[in-house]
Every structure is written in C-alpha cells, then in structure tokens.
Amino acid sequence: MPELPEVETVKRGLNELLKKHEAKIIGLKTSKEALRFPYPKGLKNQLENKKITSIDRRAKYLLFMIGDGPTLVSHLGMTGNWRELQPGENQFLKHDHFRLLLESGHQWIYNDSRRFGFLDIVDPVDLKTSKWFHHLGPEPTTSKEFDENYLFAKTRKKQAPIKNVIMDQTIVVGVGNIYASEALFLAGVDPKKLAGKVSKEECRKIVVSISKVLKAAIRLGGTTIRDFKSAGGSEGYFAQNLQVYGRKGESCFQCHTTIQKSVLAGRATYWCKKCQK
DNA sequence: ACTGGATCCTGATCGC
DNA sequence: TGCGATCAGGATCCAG
C-alpha cells in the first residue's frame, strides 16, 4: 500500500487529530499474532501514561514522538494503516492488531491484513543510527543531498535496471513500485535501462521527476488503488493522475502509444516505449 | 560484490 | 457461478 506520499498522508492525518485532542496513552492492546516481527518487549511499560507530542516521518516509517521519551516506530508494510475511533465507538475490523487507548476516550488502531508491517520502540537519541534508519538514503523531497550529481555517482558501475535502483532505499528513500514507474515516465527514461548507462542529464530529470511526482501525490492525499485511506478516513486522489502504472494496453496520454508492462525484479513495471528511451 | 528470486501473509481479481 | 492460479503499494534473506 504505502509509499512515501501515503505514509506522509497518514502522518498528516494523525497530526490533524492531535490538534483536536491530546493523545495521552492510558493503555494498549496487541493481537496474539506477531506482525512481521514480534511486538517489542516492554511496549506497555514504555508507552503507558506517555503523551504523543507529534508524528514524524522518515522514509516510509512513521515516528510517534513522545517528548524526550521513547519513539514508537511504525512501518506499514504493504497493507498497514492507522485510523481513529471516537470515544465509545467499537467498530473493530478484522486484522486490527494494535490499539492505543487514549485518555480522551479515542483509540488509534493499527490494521494490517498481511502483517508485513511492524512496530518498534527506539530511543530518539539513537534514531539515526538505529537498525531501521542507519542505512537509509536521503529524502527525495526535502534533502539537498539528493541531486543529479548524487544519483549519477550512485548509479555508476551498476548493472541493475534504473527502476530497481531508485526503489533501493539505501540510494533514495520513499520511492516504491507505483512512483518508480511514474517518475521514470515523467523523466522520459526507460525503466529497463541499466543504471550505469543513465546519463548525467537523465539523472537530473529523474531526480526532478521523483520529487515532482511525490509532491504532487502528497498534495492529493496519496494513491488509493484498493484500500488506502488517510488516518482521517479519506481516500487518496492521485490514482487519477497516474500516467502509466496499471495502464497496460491503454493509450499513452502523451503520444497514444500502447502502454507496456513487464516484470523487473519481481515487480510489475509500466512504461511507454515511445516516450521513454 | 551484485542481482534477482523466494519469502513472509491475506484478500481481491483473473481466467478457464 | 466456481475454483484454483495469480497478483498486490515492502523489504529482507539467500543462492548463484
């Protein structure tokens, strides 16, 4: 489900909720089944009676900040999501795995049908060097580091297709399978092109396109393919802006050539063979 | 050292 | 309509 724009959308939704009421945790419930990893030990002790001060994001991770206390890290995997229940509401769903019970009577619920997501507790002082974050590349929409020189250097001597490389979170974070195809269409670069053969000028276009497409998607609340919703419950409207993803056999909006689909590193890849070289 | 495939899991959709 | 096969927005692990 969630690439950078969707995670950012969930983050913003939760922060909106924080403006309406405090989020002091007075209890929590975990499902019996583990998520991708077992729940961390001491979760209850670390979170109970603490107040969530803000929700941040790094790459595709949500960070529930608790003043100078421990940070709750949430990765959504493919199908993870957060929603709020109002005081007294009890509309629980299949695959609700984790609930934060707040003093206000609201509940924040983590639902994840495939359980590829996970939760962890990290000391905020160690955040950057923790096992989840130490290897991550720069943020594509906010980091100055991510420019054409950076991408050009990182792609030299690489034999993998450029699409695989921009989805590599150690190169640049946040780009998943949808936005990789979309950004390469915008850049006019064939996703199958070997990264080492991508020119400096193409790197410039790719960098600009990644940033552009992610920002545009954030503005529209992400992309809802089947079930993505913000924490406030609304769908994302970027799906109507998709140029190639999911459009196999349909006509390119730019040149009317038929959109192609193939599989790269096990992931569906869409492109226009006329617009992308 | 890289690269791609298998893998974790459930549910929706495809194709016969 | 029914049912098995395939596919899905992520990321790690492992073999070649």
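So that the names make sense, note that chain A is the first sequence line, chain B the second, and so on, each numbered from 1. What you are looking at is a predicted structure, and each value in this text was computed from that prediction instead of being measured.
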*Would you say D68(A) has more than 12 foreign heavy atoms packed within less than 6.0 Å of its CG?*
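Atom CG in D68(A) is not packed in, count stays at 12 or less.
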_Within 6.0 angstrom of K51(A) NZ, more than 12 heavy atoms from elsewhere_ = no
Considering every strand and a 4.0 Å limit on heavy-atom distances, what is the contact class for [X]: base, sugar-phosphate, or nothing?
X: Y179(A); value: nothing
X: K131(A); value: nothing
X: N164(A); value: sugar-phosphate
X: P5(A); value: nothing

*Nearest-nucleotide comparison on DNA chain C, the residue closer to the 5′ end among R114(A) and Q169(A)*: R114(A)
*asked:* Judged by each residue's nearest nucleotide on DNA chain C, which is more toward the 5′ side, W132(A) or T224(A)?
replied: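 Final value for this comparison: T224(A).
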Write down the distance between [atom1] ([X]) and [atom2] ([N]), rounded to a whole number of angstrom.
X: R115(A); N: dT7(B); atom1: CZ; atom2: C1'; result: 14 Å
X: M167(A); N: dG4(B); atom1: CE; atom2: C1'; result: 13 Å
X: E33(A); N: dC8(B); atom1: CD; atom2: P; result: 16 Å
X: E3(A); N: dA8(C); atom1: CD; atom2: C1'; result: 12 Å
X: D96(A); N: dT10(B); atom1: CG; atom2: C1'; result: 15 Å
X: D112(A); N: dG9(C); atom1: CG; atom2: P; result: 15 Å
X: K192(A); N: dG4(B); atom1: NZ; atom2: C1'; result: 17 Å
X: M78(A); N: dT7(B); atom1: CE; atom2: C1'; result: 12 Å

When you get a sec, tell me which of [options] is the closest nucleotide to the side chain of [X]?
X: S113(A); options: dG11(B), dG9(C), dT12(C); value: dG11(B)
X: N177(A); options: dG9(C), dT10(B), dG4(B); value: dG9(C)
X: A268(A); options: dT3(B), dC9(B), dA8(C); value: dA8(C)
X: A160(A); options: dG4(B), dG11(B), dG9(C); value: dG4(B)
X: P161(A); options: dA8(C), dG4(B), dA11(C); value: dG4(B)
X: I225(A); options: dA11(C), dA8(C), dG9(C); value: dG9(C)

*Compute the ring centroids of W271(A) and Y245(A), then answer whether they are less than 6.0 Å apart.*
no
*asked:* Whether R247(A) engages the ring of F185(A) as a cation-pi pair (distance to the six-membered ring centre under 6.0 angstrom, angle to the ring normal within 45°) should be assessed.
replied: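 No, R247(A) does not lie over the aromatic ring of F185(A).
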*Kindly indicate whether a cation-pi arrangement holds for K128(A) with F133(A), taking the cut-offs as under 6.0 Å to the six-membered ring centre and within 45° of the axis.*
no
_With the six-membered base ring of dA11(C) as reference, does the ring of F116(A) sit under 5.5 Å away with planes under 30° apart?_
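Aromatic stack with dA11(C) absent for F116(A).
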Looking at [X], I'd like to know whether one of its side-chain N or O atoms comes within less than 4.0 Å of OP1 or OP2 on [N].
X: K94(A); N: dG11(B); result: yes
X: K60(A); N: dA11(C); result: yes
X: R267(A); N: dG10(C); result: yes
X: H95(A); N: dC9(B); result: no

*Dot-bracket for DNA chain B, please, read 5' to 3', with Watson-Crick or G-U wobble pairs under 3.5 Å on both distances, ( ) within the strand, [ ] crossing, | other strand, . unpaired.*
.|||||||.|||||||
*Please work out which of the three classes, parallel, tilted or perpendicular, describes the rings of F64(A) and W82(A), given edges at 30° and 60°.*
tilted
*asked:* Determine whether a donor-acceptor pair (N or O, by modelled atom type, separation under 3.5 Å) exists between the side chain of S143(A) and the backbone of P138(A).
replied: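 Looks like no, no N/O pair under 3.5 Å.
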Work out how far the [atom1] atom of [N] is from that of [M], and round it to whole angstrom.
N: dA6(B); M: dT6(C); atom1: C1'; answer: 16 Å
N: dC3(C); M: dC9(B); atom1: P; answer: 26 Å
N: dA11(C); M: dA12(B); atom1: P; answer: 23 Å

*How close do T141(A) and K215(A) get, heavy atom to heavy atom, and via which atoms?*
O-CE, 3.7 Å
*asked:* If you apply the rule ring-ring contact (aromatic ring centres under 6.0 Å, His included), what do you find for Y110(A) with H97(A), and how did you get there?
replied: CA-CA 6 Å; Y110(A) 179 71; H97(A) 290 292; 7.2 Å; no
